[in-house]
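Here's the structure we're looking at; comments come further down.
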2 protein chains.
Amino acid sequence: MAVDRSAQKAGAVTIQDVARRAGVSTATVSRAIALPDRVTEATREAVFSAIRETGYTPNAAARSLRAKSTRMVLVLLPGIGNSFFTPVLNALEEVFSEAGYGVLIGYARNSPRRETHYARVIRAGQVDGVLVVTGNIPRDEAFVQIPGSVPISLMFSEVPGTDEFSVFDVDNRAAAAAMVRHLIGQGHRRIAHIAGADASLEARERSAGYCDALREAGLPVDPALLWRGATNYDFGSGERAAPRFFALADKPTAVFAAADEMAFGFMRALKNQGLDIPGDVSVAGFDDTEYAVHYDPALTTMRQPRTELGTLAARDLLRRMTGKDGDVAISHVRLKCDLVVRESVRRI
Amino acid sequence: MAVDRSAQKAGAVTIQDVARRAGVSTATVSRAIALPDRVTEATREAVFSAIRETGYTPNAAARSLRAKSTRMVLVLLPGIGNSFFTPVLNALEEVFSEAGYGVLIGYARNSPRRETHYARVIRAGQVDGVLVVTGNIPRDEAFVQIPGSVPISLMFSEVPGTDEFSVFDVDNRAAAAAMVRHLIGQGHRRIAHIAGADASLEARERSAGYCDALREAGLPVDPALLWRGATNYDFGSGERAAPRFFALADKPTAVFAAADEMAFGFMRALKNQGLDIPGDVSVAGFDDTEYAVHYDPALTTMRQPRTELGTLAARDLLRRMTGKDGDVAISHVRLKCDLVVRESVRRI
DNA sequence: CCAAAACTTGTAATCGATTACATCTACTGT
DNA sequence: ACAGTAGATGTAATCGATTACAAGTTTTGG
C-alpha cells in the first residue's frame, strides 16, 4: 500500500528537480520564489524558466510543516440546510482565497462526535484559524485544549463571559424590538412571536427584544402569544406554530417570526387554510434572506448584513492569524440591522 | 517573523513528547497508534496514557508529507449564491467527514484567476481528490497539468469527450421532456421556455428536451417562446424573462423554467403586474429546491436527487482515492428525476 | 538444551520545503 | 593594491511524522 501511494503521486515535481534543471541549489530556488531580489537577475530567470518547464508547484505539506502555517481556515457551520449562510460563505471564501487561504468547511450539526472530529482537525494544526458561524461554540472539552495560538472567531452569536474570541454579530435584541415597534406603529396591538430555538442565544435575544418593545408600548406580554418550540430556523418550525394560531380564540393581528424561513413556513400553513396575508394576519420575519423579496407577499423583515459581517470577520481573522505580536487583539463588531418594509405587514 | 510563528505554536505536543513520557521511541508510539496489535499490551497502555496526559494529536502536515495523502477533498462550486447546493454540500460533508476527510470549498465564480488559484491548490498536493460541482470544468490549462493521480469527479454536468472523470448527474434532456409532456398532458399547447445560461451543458440539454417534447407532440417550436439570455439559475434571470412574456401578442398558457429560482423570479414579476398563477399562466420549474413547496403557489417541478447524488459522488471519490490499484475505475451515475406536481400548473 | 523462528523495540532515513550559517566572489574606499 | 564589506550561493539542519532495517528478546520445537 505504501508503495502504491508513493507510486501514485510519483509524477509530482519537487524543488530538487527544479534546482537540478536550473543548475542551482534548492536553497536558491526557494529564495528565488520567496525573495526574488535576493538573487541575481540571471539565476532568477534560470529558476523561473525551470519552474515553468517542469510545472513545479511547491508541496503544501512540506511548506506547512516547516513554516508551521497551513494557510487554511476552518469554517464551522451548524449544518442546517438553510440558505442563510450562502452569502456568508461567499464573502468568507472571497476574502480568504484572495489572501491565499483555503476554506475548510465543517458542519457541526450539533453532534458531539462531529465537534470532537473538528476539534481534532484544529489540534492537528490543520488550520491557522477558525470561524464558528452561529450557534453554540462546541462544548467539547477538546476545544479547550486547542493551542492558544489558533485564533477563533464567532459569527452571529457570542459566548458570554469569554474574551478569547472575536465576535461579529448584530444587536438581535434591539433589532427585534425595532421590528415589533414597527408593527405597533402600524396599529397592531396583539402581536405574536414565533421564537427561535431556545438553545441559541440570539433567538433568546430576539424574544427579549419582542418583550421589550411590547412593555415599552405599555402592551401586555401574553404567554399565549409567545410560541416556543422551534428546533431550527426552518420552515417546519414555522409550520408548527400555525396550530397555536388557529387554537386561539383571540387571534393576534400580527406575527413576528424570529427568522424568514419560519415566517414562510407559517404563512404557508395559514394560506393552506385559506387565510390571506396580510389581509387576515400580518407577518414579519428576520434576516432578509434572498427569498424574502420574492415571496408572495414580499416579506417585511429585518435585514442582517450577512455579506458585510462575513467580509469583516474574514479580514479580522486574517489579521489575527498573520499579525505581528501586538496586532492580535480580539474585536467585537456589532452591526446594525435595517428594517425592510414590504407587503406582508399591513396598517390596521 | 519566523521566530514569532514558531513561538506561536510552541504549545503543540509532538510525538517526541509522547515518546519521552512513555519511555519508548517515536517509532513505537507511531506503531501503537497505527498498528495497536504490533506492540505489547504494556507499552500500548503506556503510550496511550502518555497521549491522554499530553493531549497529543498527530500533526497533519508531517503526516501528509510522509504519507503523501492529505485526507482532504476540494469541492469546487460555481459560487452563485443560490440554495441549490446546500443539500449537496451537506451530503458531501457527511460522507467525507465520516471517512475522516476534510472538505475544502472553492468558488470558481467563473473567473480564470480563481480557477488558476484552485488548480494550484490541487497541484500543491493539498487535496487527495476533487469534486467539480456543476458547470464547466475549469478550462485553465493548469488543470491539465494536474498529476494524474488526483481523481476528479463531476456533478450535475459532464464534459463530453473525456473519460477521466466520474460523473454524477441526471438525464436533463429526458427530465425536461417529461416536464413538457406533463404540461401538454394538462392541455397546454403554447408553452414557453426560460432557458438556463447558454454556457452550461445541462441548460442546453433541458432546452433540447423541451423541443423534443414539443416535436413529439406535433407542436411547433416557436422561437418567440424560447427565452434565452439567462446568466445564472437565479431570480434575476427569471425576472428578465417577464418582459418577453408581456411583449407577446399571442401569449403562452404555460412556462417551463429551467430552474426553480428562475420560475420564482418570473412568477414574482408576473404577479407584480396583477397576473394570477396558475389562473392566468401556468409555471413549472426544475430542481425542486426547498422553497418549491413553500412558495405560493407551490411549484410544480422536476425533482433532482441532490442529496443522493452527493452521497454517491462522495462515496465514489472515496473509493477512487483510497482504492487499491484496480479499484480506481471511473463511473458514470445518472439518476432519474421525479415529476413533482403541485399547484403552479393548472389543467386547461 | 540449543538453534531457529517469531516477536518487540529502537535507530535512522525519508518525505519536500525553508532558513541559519558558512563560504566564496566582487566591489568599495583609502 | 589590499583590507573590509556587501552580496550571492551553497551546505546542512530542521519541521513531525512514518517505516525499512537492525538489533535484541522471547518462544518454539526437535
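Proteins come first, then strands; the chains are lettered A, B, ... in the order of their sequence lines, and each starts at number 1.
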- Query: For every nucleotide of nucleotides 8-15 of chain D, 5' to 3': is a protein heavy atom under 4.0 Å from its base (B), only from its sugar-phosphate (S), or from neither (-)?
  - Reply: SBBB-BBB
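Listed for the R123(B) side chain is a donor-acceptor partner under 3.5 Å among the backbone atoms of G55(A). Between the side chain of R21(A) and the main chain of I51(A), no donor-acceptor pair closer than 3.5 Å is present.
Atom-to-atom, CZ of R63(A) to P of dG16(C) comes out at 15 Å; the value is rounded to the nearest Å. Whole-Å rounding puts the L35(B) CG to dA17(D) P distance at 16 Å. Summarising the geometry, the separation between CD on E41(B) and C1' on dC7(C) is reported as 16 Å, rounded to the nearest angstrom. Rounded to an integer number of Å, the gap from R71(A) CZ to dA17(C) P is 16 Å. In this structure, E45(B) atom CD and dT9(C) atom P are separated by 13 Å, rounded to whole Å. Remark: C1' of dA17(C) and CD1 of I51(A) are 13 Å apart, rounded to the nearest angstrom.
Remark: of the listed residues D169(B), L131(B), V132(B), L312(B), L131(B) is the sole one forming a side-chain contact (heavy atoms from CB on, under 4.5 Å) with M155(B). Only one option out of V73(A), V75(A), V103(A), I122(A) pairs with V127(A) in a side-chain contact (heavy atoms from CB on, under 4.5 Å); it is I122(A).
Salt-bridge annotation for E115(B) and R120(B): absent, with no side-chain N of the basic residue lying under 4.0 Å from a carboxylate O of the acidic one.
Note that the two end axes of the helix from dC1(C)-dG30(D) to dT30(C)-dA1(D) enclose an angle of 40°, each drawn from 5 base pairs, rounded to 10 degrees.
Checking the phosphate oxygens (OP1, OP2) of dA17(C), a side-chain nitrogen or oxygen of Y56(A) falls inside 4.0 Å.
Under the 6.0 Å distance and 45° angle rule, R306(B) counts as a cation-pi partner of F84(B).
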- For the pair L309(B) and F156(B), evaluate side chain to side chain contact (heavy atoms under 4.5 Å, CB included) and give the outcome as yes or no after the intermediate values. CA-CA 9 Å; L309(B) 277 175; F156(B) 299 106; 3.6 Å; yes
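Side-chain contact, S153(B) with R320(B): a donor N or O sits under 3.5 Å from an acceptor N or O.
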